[in-house]
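As a basis for the values below, the full set of heavy atoms in this structure was taken, side chains included, without hydrogen atoms, waters or symmetry mates. Start at 1 with the first residue, then count along the sequence.
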Amino acid sequence: KPLGNVKMPGLDAIKSKIDGINSSAEKMGKGAGGKGGMGGIGSLGAVGGVAAGMGMGGFLTPMAGVGIAMAGAVKVGVDFDRMMSRVKALTGATGEEFDALRELALKLGRETEFSASEAAQGMSSFALSGFKAKAILDVMTPSVRLASAGMIDIGKSAEISAIILRAMGLEESKLGKVTDVLTFAMTNALTDMTQLSDAFKYVAPTAKMAGLSIEETTAAIMMLSDQGIQGSEAGTVLRNMLKKSSDQSDEARQMMEMLNITFHDAKGNFRGFGVILDDLNRKFKEMNLGDMQKLEILGTMFEIRAGTGFAALLDKGGKYNDLVQRIAKEHVGLATKISGIQIDNLWGDLKIFWSSVQDAGIKFFDAVKGPLRAFVQGFNEAVLAIGRGFVGIVDFISPITSGLASLGAAIIRVAEGPIGILLSAVGKVGNAFGEFIDKGIKGLGFLLEKSAEGFNLLADKLDGPINRLKEFTSRKTTTVFS
């Protein structure tokens, strides 16, 4: 087929549609020029109109700024959408449940120093820990407070929250209390949020079995931390203390009988660190024992590592019970108070400002997401259609290769044979070359036809999205500049 007969109306259609966007954008630019002396900022191509509207050749700078802002908004929206899709996949949330999760992430992004995407990341962390949609709705707000008070990221806060709730056997509704108790520990002992998490990771399951409350466990961790036994080491020591109180050697039981001390009541329940520490302190005082003698007795009762932990708690005298009572009274609302104080500065203002900017970006993305997705999906289908055209190349590459082989063989025969063979070879050369040209042109025509189909398909696919974008720019011209 002659190449001049290959038509690509799709290309003309695409150009026509893009010209339409330019026209709408130029109207927006003129509207801006009429109202505020910034004409043409919406135009995609009318440089002269922009320069006239601004009174200067300042087209590139505002266009670059607008383009960067729009690209940034789209990226923020894409990242948030992607993270929420992960939350949806992990939790199985649909319909109203997913809408509630999404709205909560946006709300936390508007009202805290964390972005909506960071909130979505926290939801993802909870989902990976087995929390379903309803549970995540209950724990996200206190988890964000924990992250703010502890100055850690939301993902780490979610991990800490999940570990403590699960290991201590607490309901999701109790996370607010856990958050405040941990904040009390962080602000009143030589420890931080990460070290507290590491300690609970080791001791929480055993503490739950022993019947210890979150306040009692936290008080013990705080007292060990003040003695330099922190993080996972504190958790390991406390776990060993609890285990050795039940699994005692014969020698340890004899020592307990001699001191007339028991760790469990008549029902076999652990009596609690406070009661046991009071009994040991009273007994050691009656026996007038020195520090090394106390340590030797504790080492016999608990073995050396757990005995060291009890020695550290004993060194505080009767302060354990007082500390438990202080935690119970003073923890309420503490995380909110501490986080509020920590962000009451320019850094906090900037963090909240950028969270608000991201919220605006997500709203912009939500407005254009439908047309953008349709555009990308349509473009993808068109590219695939064009790609299918390249398959036709195989149909004419083989004849071309065959023709070249025949041409080469003919040339060899020319070199080897007499005049008769020469004339035959010349004929074959002509035939091979003719076949080469014929197949090549047919193959190229096939490729162009398939490309035309692809561009036509692209034009059809872009029709809806481009019309919506034109409508969007026209609407913005009316609402912003009228």
Side-chain angles (χ1 to χ4, degrees), residues 142 145-146 149-150 160-161 164-165 167-171 173-193 195-197 199-200 202-231 234-235 237-239 241-242 245 261-265 267 269-286 294 298 302 306 308-341:
R145 287 202 300 268
L146 179 66
I160 293 172
S161 301
I164 295 178
L165 288 178
M168 294 292 294
L170 300 173
E171 296 178 357
S173 60
K174 298 295 183 183
L175 183 57
K177 176 181 180 179
V178 171
T179 296
D180 289 335
V181 169
L182 293 179
T183 303
F184 180 92
M186 179 190 70
T187 54
N188 288 277
L190 193 59
T191 187
D192 59 30
M193 204 63 76
Q195 290 175 331
L196 287 167
S197 168
F200 270 100
Y202 283 87
V203 73
T206 309
K208 174 191 173 186
M209 292 181 64
L212 294 181
S213 67
I214 184 72
E215 294 92 341
E216 291 172 319
T217 308
T218 301
I221 293 173
M222 290 174 64
M223 292 178 71
L224 289 177
S225 298
D226 285 341
Q227 296 293 311
I229 305 173
Q230 300 166 316
V237 167
L238 280 175
R239 182 182 63 187
M241 289 166 60
L242 292 169
S245 68
I261 291 176
T262 60
F263 289 160
H264 300 86
D265 59 23
K267 295 182 179 180
N269 297 317
F270 185 67
R271 297 174 65 208
F273 282 127
V275 176
I276 296 170
L277 289 172
D278 285 346
D279 288 348
L280 286 171
N281 273 319
R282 184 176 63 255
K283 198 65 179 180
F284 288 163
K285 186 175 182 179
E286 291 175 359
K294 294 177 184 177
L298 291 172
F302 303 104
T308 302
F310 258 110
L313 297 182
L314 282 170
D315 188 56
K316 290 289 185 178
K319 293 184 179 179
Y320 175 82
N321 289 328
D322 294 339
L323 183 56
V324 173
Q325 292 177 5
R326 277 191 62 202
I327 294 173
K329 292 179 180 178
E330 300 176 21
H331 77 273
V332 180
L334 191 58
T336 300
K337 177 183 176 182
I338 294 299
S339 63
I341 294 172

Considering all heavy atoms, the nearest [X]-[Y] contact:
| X | Y | answer |
| --- | --- | --- |
| A234 | L224 | O-CD1, 3.8 Å |
| I214 | I164 | CD1-CG2, 4.0 Å |
| N321 | G274 | OD1-CA, 3.1 Å |
| F270 | F273 | CE2-N, 3.7 Å |
| L146 | S161 | CD2-OG, 3.6 Å |
| R145 | S339 | O-CB, 4.5 Å |

Should [X] and [Y] count as side-chain neighbours, where that means a heavy-atom distance under 4.5 Å?
| X | Y | result |
| --- | --- | --- |
| I338 | F184 | no |
| Y320 | D278 | no |
| L238 | F200 | no |
| V203 | L212 | no |
| I327 | M222 | yes |
| I221 | T191 | no |
| M168 | V178 | no |

Once rounded to the nearest 0.5 Å, what's the spacing between atom [atom1] of [X] and atom [atom2] of [Y]?
| X | Y | atom1 | atom2 | value |
| --- | --- | --- | --- | --- |
| L242 | K208 | CG | NZ | 14.5 Å |
| L277 | M223 | CG | CE | 7.0 Å |
| L196 | T217 | CG | OG1 | 12.0 Å |
| H331 | L182 | NE2 | CG | 10.5 Å |
| L280 | K294 | CG | NZ | 10.0 Å |

### Message
Check this for me: E286, atom CD, are more than 12 non-hydrogen atoms of other residues, nucleotides or ligands nearer than 6.0 Å?
### Response
yes
### Task
Using a cut-off of 6.0 Å, state whether more than 12 heavy atoms not belonging to K283 lie near its atom NZ.
yes
### Query
Under the side chain to side chain contact (heavy atoms under 4.5 Å, CB included) criterion, do Q195 and D192 qualify, and how do the steps go?
CA-CA 5 Å; Q195 290 175 331; D192 59 30; 3.2 Å; yes
### Query
Who are the side chain to side chain donor-acceptor pair (under 3.5 Å) partners of D279, not counting sequence neighbours?
R271, R282
#### Entry: By side chain to side chain donor-acceptor pair (under 3.5 Å) - contacts of S213 (at least two apart)
E215, E216
### Task
With side chain to side chain contact (heavy atoms under 4.5 Å, CB included) as the test, would you mind laying out the steps for L170 and K177 before giving the verdict?
CA-CA 10 Å; L170 300 173; K177 176 181 180 179; over 6 Å; no
### Task
For F263, check ring-ring contact (aromatic ring centres under 6.0 Å, His included) against everything at least two apart and list the hits.
F302
### Query
Is there a donor-acceptor contact under 3.5 Å from the side chain of S197 to the main chain of M193?
no
